[in-house]
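Report on the following structure.
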Protein chains: 2
Amino acid sequence: MNEIRVLIVEDEPLIAHDIAATLQGFDYTVAGIAPNGAKALVELQQNTPDFVLLDISLGSEPDGIQLGALIRDRFDIPFVYLSSHSDAGTLDRAKHTLPMGYLVKPFDEKGLFTTIEIALFNFARLRKPLRLGIEDLNARLLSKLTPREFELLVDIYDGKTNGQLAERHFISANTVKTHVKNLYAKLNVQSRAEAIVLLRKMGK
Amino acid sequence: MNEIRVLIVEDEPLIAHDIAATLQGFDYTVAGIAPNGAKALVELQQNTPDFVLLDISLGSEPDGIQLGALIRDRFDIPFVYLSSHSDAGTLDRAKHTLPMGYLVKPFDEKGLFTTIEIALFNFARLRKPLRLGIEDLNARLLSKLTPREFELLVDIYDGKTNGQLAERHFISANTVKTHVKNLYAKLNVQSRAEAIVLLRKMGK
DNA sequence: GTTAAAATCACCCTGCGGGGTGATGTCCGG
DNA sequence: CCGGACATCACCCCGCAGGGTGATTTTAAC
């Protein structure tokens, strides 16, 4: 069991327990099973799960999509829909609530697992875009930057010219050019502007 | 056929064509089929699809995950993985590249459709490149930018060179230089890097 | 119909930025 | 002790960026 607590919102007890068993097989903790929207709201408020599996057809008000909209607006919890309907109309209503996924029943266990994992990870990333350290950056590069190169890159990201870099780091302009040249090759860019844009896109 | 152009990266021709047929059944346009990473890169650069279906096991370098990391960092295109592997190791490598989804083979058509739709919608909603309008910008400047100057500035913010600006806006390189010169004066900067940093600091 | 702002283009010039090549000294790990 | 990674510096080349000056045309405003 890890610390991820999942709430299952599903009106069919058989399916709900089936999902619960599957989740436990993947070392998730089942935070609760809610057969309708009202119960789901109670669970959300009192039990604060880390993730919600949301059946769309609950047979009563509010349905899964209304619930999804609520989770989006009032709570800060990632969720994915479960549904046997994949028609354009339902999907269109659903996607406007920005779910992290949409699984069509019947779905297999592996698909459930990967979907939850991706959803959790992306949600965490989107909520908190983290500042980029040299380790994070190097993890994404084929050839890694040296500490010195990274220092200079940070200043380049701040719009400094080569001359300013030389002053600030007490090295000659020629040395700056060498470092900059090398780090450009590693980043696979050809200009300061490109380097800055790249860092921005990489979530710096 | 709608306007969504999907690139399929899959080394098994049979599976690739099966997927292509399925996509066309859902009114997507198949932008291309790439059997390996090298071909995929060519397609990405020359064909600029709106979406990428990415098989992880390509049998050669780079594999799907390396390609995913590239798409994330260098392009601005949503993608989902296709894989028969759903082990924790592969999944962990994969999720760090922030895919919009992860489908486990074999997957059914409906699941593919809903996943793509959700992915496209979320990607569009969560992408907000430069949420700064010309009005907002001019409100904070002493001398105001003209509409044309603002258009060029947006592309400069994206790392484009003067030559690229000339092409994209169907004007001569000399005209670009004139506009850029003028907008630099208005922004009170002396280089592209400075302009980009300024925009970033002005609420981006 | 005159005027002003915006958009278009040309030419020249200077200098920094980007790329290639090569070299030296340091530090660390095998 | 030696080799590799890192940091330091020098020189050369050249293209593009940045800046100055000037000019024409289109558009909108008055």
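Letters go in sequence order (proteins before strands), and every chain restarts at 1. Only this structure's heavy atoms are used, side chains among them; waters, hydrogens and symmetry mates stay out. Values in this document were obtained by computation on a predicted structure and should not be read as measured data.
Atom CG in A:L183 sits about 15 Å away from atom C1' in D:dT8, given to the nearest Å. Here the C1' atom of nucleotide D:dA17 and the NZ atom of B:K160 are 17 Å apart, to the nearest Å. D:dA17 atom C1' lies 15 Å from atom CD of A:E194, rounded to whole Å. We find that CD of A:Q190 is positioned 12 Å from P of D:dA17, with the value rounded to whole Å. Counting to the nearest Å, the C1' atom of D:dC13 and the NZ atom of A:K181 are 12 Å from each other. If you take OH of B:Y184 and P of D:dG19, they are 8 Å apart, rounded to a whole angstrom. Across the protein-nucleic acid pair, B:E167 atom CD and D:dC16 atom P stand 12 Å apart, rounded to whole Å.
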Polar atom pairs (N or O), protein with nucleotides 3-7 of chain D, under 3.5 Å:
unit_1: D:dA7; atom_1: OP1; unit_2: A:R148; atom_2: N; d: 3.0
unit_1: D:dA7; atom_1: OP2; unit_2: A:T146; atom_2: OG1; d: 2.4

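Using cut-offs of 30° and 60° on the angle between ring planes, the pair A:F26 and A:F113 is parallel.
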Requested in this report: Scan nucleotides 23-30 of chain D nucleotide by nucleotide, 5' to 3', and note B when protein non-hydrogen atoms come under 4.0 Å of the base, S if they reach only the sugar-phosphate, - if neither.
Outcome: --------
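For the pair A:D63 and A:I56, the tightest heavy-atom approach, listed with the atom from each and the gap, is CB-O, 3.6 Å. Nearest heavy-atom pair, B:L54 versus B:G64, reported as atom, atom and distance to 0.1 Å: CD2-O, 3.4 Å.
For the pair B:K105 and B:E12, the salt-bridge criterion is not met [side-chain N within less than 4.0 Å of a carboxylate O]. Taking a cutoff of 4.0 Å between a charged side-chain nitrogen and a carboxylate oxygen, B:D158 and A:R200 qualify as a salt bridge. Taking 4.0 Å as the cut-off between side-chain N and carboxylate O, A:D155 and A:R168 count as a salt-bridged pair.
Bracketed by its first and final contacts, the part of DNA chain C lying under 4.0 Å from non-hydrogen atoms of chain A reaches from C:dG17 to C:dT21 in 5' to 3' order.
The distance between the ring centers of A:F123 and A:F121 does not fall below 6.0 angstrom.
Remark: A:K110 NZ is loosely packed, at most 12 non-hydrogen atoms of other residues, nucleotides or ligands lying under 6.0 Å away.
With sequence neighbours excluded, the residues that form a side-chain hydrogen bond (donor to acceptor under 3.5 Å, both in side chains) with B:S172 are B:T175.
Considering only side-chain N and O atoms, B:N162 lies under 4.0 angstrom from the phosphate OP1 or OP2 of D:dA17.
Comparing A:R192 and B:N174, the nucleotide of DNA chain C nearest to each residue sits closer to the 5' end for B:N174.
Rotation axes derived from the C1' atoms of the five outermost pairs at either end of the helix from C:dG1-D:dC30 to C:dC28-D:dG3 lie 50° apart, to the nearest 10°.
Evaluated for a side chain to side chain contact (heavy atoms under 4.5 Å, CB included) with A:V189, the options A:V197, A:L183, A:L198, A:I196 yield exactly one hit, A:L198.
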Requested in this report: Begin with the C-alpha distance, continue with both residues' side-chain angles, and end with the deciding distance and a verdict on side-chain hydrogen bond (donor to acceptor under 3.5 Å, both in side chains) for B:T114 and A:Y81.
Outcome: CA-CA 10 Å; B:T114 60; A:Y81 287 119; over 6 Å; no
Requested in this report: Output, in order, the C-alpha distance, side-chain angles, deciding distance and verdict of side-chain hydrogen bond (donor to acceptor under 3.5 Å, both in side chains) for B:Y102 and B:T115.
Outcome: CA-CA 9 Å; B:Y102 191 111; B:T115 298; over 6 Å; no
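For the side-chain hydrogen bond (donor to acceptor under 3.5 Å, both in side chains) condition, the pairs that include at least one residue of residues 33-43 of chain B, sequence neighbours left out, are B:E43-B:N47.
The closest donor-acceptor contact from the side chain of B:Y184 to the backbone of B:R192 lies under 3.5 Å.
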